[in-house]
Asker: 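Okay, here's the structure, questions in a sec.
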Number of protein chains: 2
Amino acid sequence: MSEVKEILKKKNLRVTPMRLQILDLMFHASAAVSQKSIEAKLKDFDRITLYRTLKSFEEKGIIHKIEDGTGLNKYAMCADCDEHHHHDEHVHFNCNKCGDTFCLEDMEPPSFVNKTKHQIEQFNIVLKGTCEMCLN
Amino acid sequence: MSEVKEILKKKNLRVTPMRLQILDLMFHASAAVSQKSIEAKLKDFDRITLYRTLKSFEEKGIIHKIEDGTGLNKYAMCADCDEHHHHDEHVHFNCNKCGDTFCLEDMEPPSFVNKTKHQIEQFNIVLKGTCEMCLN
DNA sequence: CTGTGTGCAAAGGGTTTGCAAGTAC
DNA sequence: GTACTTGCAAACCCTTTGCACACAG
C-alpha cells in the first residue's frame, strides 16, 4: 500500500482511500483490469468517480489503456510512462478463453519497415490465443 | 452496382436498395468507412437498420470490422473471407491527421515467434501516423 | 482555509430489442 | 404466400457533465 502512496504523491495527486485501493488493486493484478472488474471488487465506490479516477491516472501516466478488441477497455500500470509520454508500445496478449489481457514486456515489437507510402509513427499490437493458465 | 448484387446473392442475402447502396459505397471507398460516414451519405435510411445490415454483412464475411483505436468502429470489404472464417489478419493503418483508416494488403504481417508461454493464434495490428494524402 | 476529490442526479451518445408493416423471391 | 427486411419506438448500457458537499494538504 505504501508503494502506491508514493506513486500518487510523485504525480501530485491527492492520496485518498479510493485512489489507494484502485491503484493497489492494479499494482497487484496479474492481468490488465477492466473498469467492470474494479467495480465488482470495490463495490462501495461510485462508478462515475471511477471514470474520473482512471482518466486522471491515465493523464498522469500512471496507467495506460489497452484496447484488446474485446470491447472492454482495460488498464495496466505503466512501466515507464509520465504525463508527457506513454511508452506503451509493447505487445499485448488477449486470451480467447478466459478473456484476460497481459502486457508482454519481454516481447520485442517488430520493426515495421516502411514499405507503404504512409508515414508510420506508432503502432498497436494485440496478439490473441490461449494463455498459459488456460493451456493447462 | 452489379458486382455488389452478385456478392449479396452469393451470400444468400436478399437484394434490397439499402443493401445495394451501402455495399456499393464500401466497394468504391478508398478507406475504411465508419457507420457515421455511411449515415451522412445515405441520410434517408434508418440508422437502426444500418446496424443490422452491417452486422449481417459481417456475419456473412462480406466485410470486416476494424478497431483502429479512434473509438469509431470502421468497416472494409473482405478480400477473401466467408461466414466461417475472417482472413482479416492484414495490417491496418490509421492516419492521425485525417482519421482515415486503410487496409495495408501489401504489407507482410510480421511473424511472431512464440517467445511467451502463451499460445498465439491470431493478431491485430494497427499502425498509426500520417497518410500519403496528408503528407503532401 | 483552499483547492481537489467524491457522490448523486441528469443528460448524452451509441447500440440493441420488439413489433407491425413492407418487400424480395 | 412466406420468410426476410425495414422503420419506428422504446429500452439499455456506457460515459460525460453539473453541482453541492466532503476532505486532503
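Numbered from 1 within each chain, the chains take letters A, B, ... in sequence-line order.
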Asker: Please give me the minimum heavy-atom distance between Leu50(A) and Met18(A), naming the atom from each residue.
Answerer: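 Closest heavy-atom pair between Leu50(A) and Met18(A): N-CE, 3.7 Å.
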
Asker: Considering only side-chain heavy atoms of Lys36(A), which listed nucleotide, dG3(C), dC14(D), dT5(D), is closest?
Answerer: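 Selected nucleotide (nearest to the side chain): dC14(D).
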
Asker: Would you kindly compare Tyr51(A) and Ile48(B) by the position of their nearest DNA chain D nucleotide and give the one closer to the 5′ end?
Answerer: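 The answer here is Ile48(B).
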
Asker: Roughly how many Å is it from CG in Leu8(A) to P in dT6(C), rounded to a whole number?
Answerer: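 So the CG-P distance, Leu8(A) to dT6(C), works out to 10 Å.
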
Asker: Of the options Leu23(B), Val4(B), Leu54(B), which is the one that meets Ile62(B) in a side-chain contact (heavy atoms from CB on, under 4.5 Å)?
Answerer: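 Going through the options one by one, the only one that passes is Leu23(B).
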
Asker: Under 3.5 Å, is there a donor-acceptor pair between the side chain of Lys43(A) and the main chain of Ala40(A)?
Answerer: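 Yes; at least one donor-acceptor contact below 3.5 Å.
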
Asker: Quick one: the side chain of Arg14(A) and the base of dG3(C), do they pair up donor-acceptor inside 3.5 Å?
Answerer: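 Between dG3(C) and Arg14(A), which were checked side chain against base, a qualifying N/O pair under 3.5 Å is present.
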
Asker: Could you tell me how far apart Met18(B) (CE) and dG22(C) (C1') are, to the nearest whole angstrom?
Answerer: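 Between C1' of dG22(C) and CE of Met18(B): 14 Å.
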
Asker: What's the closest nucleotide to the side chain of Thr16(B) if the choices are dG7(C), dA24(C), dG5(C)?
Answerer: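 Looking only at heavy atoms from C-beta outward on Thr16(B), the closest nucleotide is dA24(C).
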
Asker: Round to a whole Å and report the spacing from CZ of Arg52(A) to C1' of dA22(D).
Answerer: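 Arg52(A) atom CZ is separated from dA22(D) atom C1' by 14 Å.
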
Asker: Could you state the CG-P distance from Leu13(B) to dA3(D), rounded to the nearest angstrom?
Answerer: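 Interatomic distance, CG of Leu13(B) to P of dA3(D): 18 Å.
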
Asker: Going by modelled atom types, is there a donor-acceptor pair between the base of dG7(C) and the side chain of Thr49(A) at under 3.5 Å?
Answerer: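 Per atom types, the contact qualifies.
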
Asker: Look only at the side chain of Asn124(A) and the backbone of Ile125(B), and say whether a donor-acceptor pair between them is shorter than 3.5 Å.
Answerer: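 Such a contact is absent between Asn124(A) side chain and Ile125(B) backbone.
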
Asker: Check the distance between dG5(C)'s P and Leu54(A)'s CG and give it to me in whole angstrom.
Answerer: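 Rounded to the whole Å, the gap is 14 Å.
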
Asker: Between dC4(D) atom P and Lys55(B) atom NZ, what is the distance in whole Å?
Answerer: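 Value for this atom pair: 17 Å.
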
Asker: Rounded to whole angstrom units, what separation is found between the CD atom of Glu59(A) and the P atom of dG5(C)?
Answerer: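 Going from CD in Glu59(A) over to P in dG5(C) covers 11 Å.
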
Asker: Do Lys9(A) and Val15(A) have side-chain heavy atoms sitting under 4.5 Å apart?
Answerer: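 Sidechains of Val15(A) and Lys9(A): in contact.
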
Asker: With respect to the side chain of Arg47(A), which nucleotide from dT15(D), dG5(C), dC19(D) is positioned closest?
Answerer: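 Out of dT15(D), dG5(C), dC19(D), the nucleotide with an atom closest to Arg47(A)'s side chain is dT15(D).
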
Asker: Base, sugar-phosphate, or nothing for Thr53(A), non-hydrogen atoms under 4.0 angstrom?
Answerer: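 It contacts sugar-phosphate atoms only.
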
Asker: Consider the side chain of Gln35(A), meaning its heavy atoms from C-beta on, and name the nucleotide among dT15(D), dG25(D), dG7(D) that approaches it most closely.
Answerer: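 That would be dT15(D).
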
Asker: Rounded to whole Å, please give me the gap between CG in Asp46(A) and P in dT4(C).
Answerer: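 Distance check: Asp46(A) CG to dT4(C) P gives 20 Å.
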
